[in-house]
Every structure is written in structure tokens, then in C-alpha cells.
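All remarks here apply to the structure that follows.
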Amino acid sequence: MRKAARTVKPNARTGERHTWKDRERRRKEEGQRMLAEALIVEGAYQKGYADAMADMRKKKEQRRQREQAKKARRWYFIKQKACGLAMLAITVLAVWATEGDITIAFITVPLGLTCIFSKEMLIMNDYYFTTKERKKNHDTDFRIVRRDR
């Protein structure tokens with residue numbers, strides 16, 4: 001008796017007999033399953049990559065905002081120190097203009113030195129009104145009173 005041309009030998013582990021068509025069908029199904037898994041993995045990879053990029057952009061923006069706030073604060077205190085120096089210069093000029101009368105110095109010298117050496121915010125400008133430090137130290141929000149902002 002002759003065997004069919006499309007049968008294969010029994011499977012060594014299970015002892016089952018499979019036809020050639022079954023094997024081809026299983027290969028196609030396995031290929032499709034692997035392709036579907038690859039697409040799922042690729043989709044997950046793309047989602048993860050997009051999330052990582054979004055996190056990176058968010059952190060970059062936060063770092064930029066922090067640096068910008070730091071720079072604004074530094075410039076505020078530079079301006080405050082410059083105002084203190086200007087106050088001392090005005091004192092010298094006023095004493096010279098009044099030919100030695102130092103009455104003005106009782107107000108301007110302590111004010112100028114305070115502006116130069118203080119770490120508190122003393123000069124009122126836009127930065128002063130927008131900082132959290134102002135709200136934390138003093139409960140009054142003067143933007144409501146000023147009405148021009």
C-alpha cells in the first residue's frame with residue numbers, strides 16, 4: 001500500500017500525524033500572530049517614546065521657567081542695590097548743594113544702605129507684586145487696590 005504524498009511522519013513528541021496543509025496553515029497563523037504581537041509591541045514602544053518625549057519637553061519647560069524666575073529675581077535685587085547706590089549719591093549731591101547741611105542724610109543714608117544690604121524686597125515694581133514671596137510675607141494683594149493692572 002502506498003502512503004499519501006502529503007502526509008508527514010508522526011510527530012516525535014505527540015505521535016500525531018499532520019498533513020502538509022495543516023503545517024502550512026499553522027505557519028501562516030504563527031506568522032500572523034507574531035506580526036500582531038510585533039504591532040502591539042511597536043504601538044506600545046511608540047506610546048512609551050511619545051510619553052518620554054512629552055516628559056522631556058515638560059521638564060525642559062519647567063527648567064526654563066525656573067531659570068527665567070531666577071534671572072528675574074537676580075535682576076530685581078541688582079536694581080534694588082542700584083537704587084541704594086543712587087540714594088547715597090543723591091545724599092552726597094544734596095549735602096554738597098546745601099553747603100554742608102546733612103539733614104537729608106538722616107533719611108537717605110539709612111534708606112540707601114538698607115536697599116544695598118537687605119535681602120528683603122523693598123522696591124515696589126511689577127516683579128514685587130507678582131512674586132509668591134510678597135503673598136507669603138504679606139497677605140495684602142495691592143493689585144486689587146491699584147486697579148491699573
Side-chain angles (χ1 to χ4, degrees), residues 1-94 104-149:
M1 208 185 293
R2 199 168 168 201
K3 288 186 177 179
R6 298 205 173 174
T7 59
V8 294
K9 294 181 181 178
N11 190 337
R13 282 185 284 161
T14 60
E16 298 174 354
R17 296 175 64 100
H18 301 288
T19 63
W20 178 78
K21 287 182 179 178
D22 288 340
R23 189 178 352 170
E24 285 299 314
R25 183 178 48 81
R26 284 191 184 112
R27 278 187 191 160
K28 285 182 182 177
E29 288 173 356
E30 181 68 21
Q32 289 173 351
R33 187 182 60 77
M34 288 176 62
L35 184 62
E37 286 177 0
L39 289 175
I40 290 170
V41 168
E42 185 177 331
Y45 174 78
Q46 288 177 348
K47 276 185 177 180
Y49 182 77
D51 288 345
M53 291 300 290
D55 286 346
M56 185 181 72
R57 283 189 205 103
K58 183 179 172 184
K59 287 180 181 180
K60 188 175 182 180
E61 179 65 22
Q62 288 173 345
R63 183 173 49 246
R64 188 189 63 77
Q65 287 176 351
R66 261 193 325 268
E67 289 172 0
Q68 191 175 14
K70 220 180 206 183
K71 193 180 222 181
R73 183 174 173 82
R74 184 172 53 241
W75 275 106
Y76 173 85
F77 281 105
I78 287 172
K79 289 176 188 175
Q80 180 172 310
K81 289 177 191 310
C83 286
L85 287 173
M87 189 74 64
L88 293 177
I90 289 172
T91 304
V92 170
L93 291 174
I104 194 169
F106 287 115
I107 296 172
T108 56
V109 170
L111 189 61
L113 291 175
T114 303
C115 283
I116 290 173
F117 297 111
S118 178
K119 295 199 185 282
E120 288 184 31
M121 297 173 71
L122 301 173
I123 296 180
M124 293 187 185
N125 62 8
D126 290 336
Y127 180 77
Y128 177 81
F129 289 110
T130 58
T131 58
K132 293 179 184 176
E133 188 175 299
R134 172 72 180 144
K135 291 178 184 177
K136 182 174 59 174
N137 292 338
H138 308 285
D139 294 332
T140 307
D141 187 5
F142 286 106
R143 285 181 288 182
I144 296 168
V145 175
R146 290 176 63 190
R147 301 277 184 210
D148 61 339
R149 304 254 185 261

*State, to 0.1 Å, how close P110 and A105 come at their nearest heavy-atom pair, and which atoms those are.*
CD-O, 3.5 Å
*Does M34 have any side chain to side chain contact (heavy atoms under 4.5 Å, CB included) partners at least two apart in sequence or in another chain, and if so, which?*
E30
*Heavy atoms of other groups near I107 CD1, more than 12 under 6.0 Å*: no
*asked:* Whether R26 and E29 form a salt bridge (side-chain N of Lys/Arg under 4.0 Å from carboxylate O of Asp/Glu) is what I want to check.
replied: no
Can you list, pair by pair, the side-chain donor-acceptor contacts under 3.5 Å of residues 80-89, counting residues two or more places apart and other chains?
unit_1 : atom_1 : unit_2 : atom_2 : d
Q80    : OE1    : L122   : N      : 3.2
Q80    : NE2    : C115   : O      : 3.3
Q80    : NE2    : E120   : O      : 3.2
K81    : NZ     : I116   : O      : 2.8

*Could you point out which residue of Q68, R73, R74, E67 forms a side chain to side chain contact (heavy atoms under 4.5 Å, CB included) with K71?*
R74
_Verdict with supporting geometry, R64 and K60, side-chain contact (heavy atoms from CB on, under 4.5 Å)_ = CA-CA 6 Å; R64 188 189 63 77; K60 188 175 182 180; 5.8 Å; no
*Would you say the side-chain atoms of Y76 pair up with the backbone N or O of I123, donor to acceptor, closer than 3.5 Å?*
yes
*Just checking, is any N or O donor in the side chain of Q62 or R66 under 3.5 Å from an acceptor N or O on the other one?*
no
_For Y127 versus A72, what's the shortest heavy-atom pair and its separation?_
CE1-CB, 3.8 Å
*Of all residues at least two apart in sequence or in a different chain, which pass the side-chain hydrogen bond (donor to acceptor under 3.5 Å, both in side chains) check with Q32?*
none
*asked:* Using a strict threshold of under 4.0 Å (side-chain N to carboxylate O), is an ion pair present between E61 and K58?
replied: no
*If you measure from NZ on K59 to CE on M56, what distance do you get to the nearest 0.5 Å?*
10.5 Å
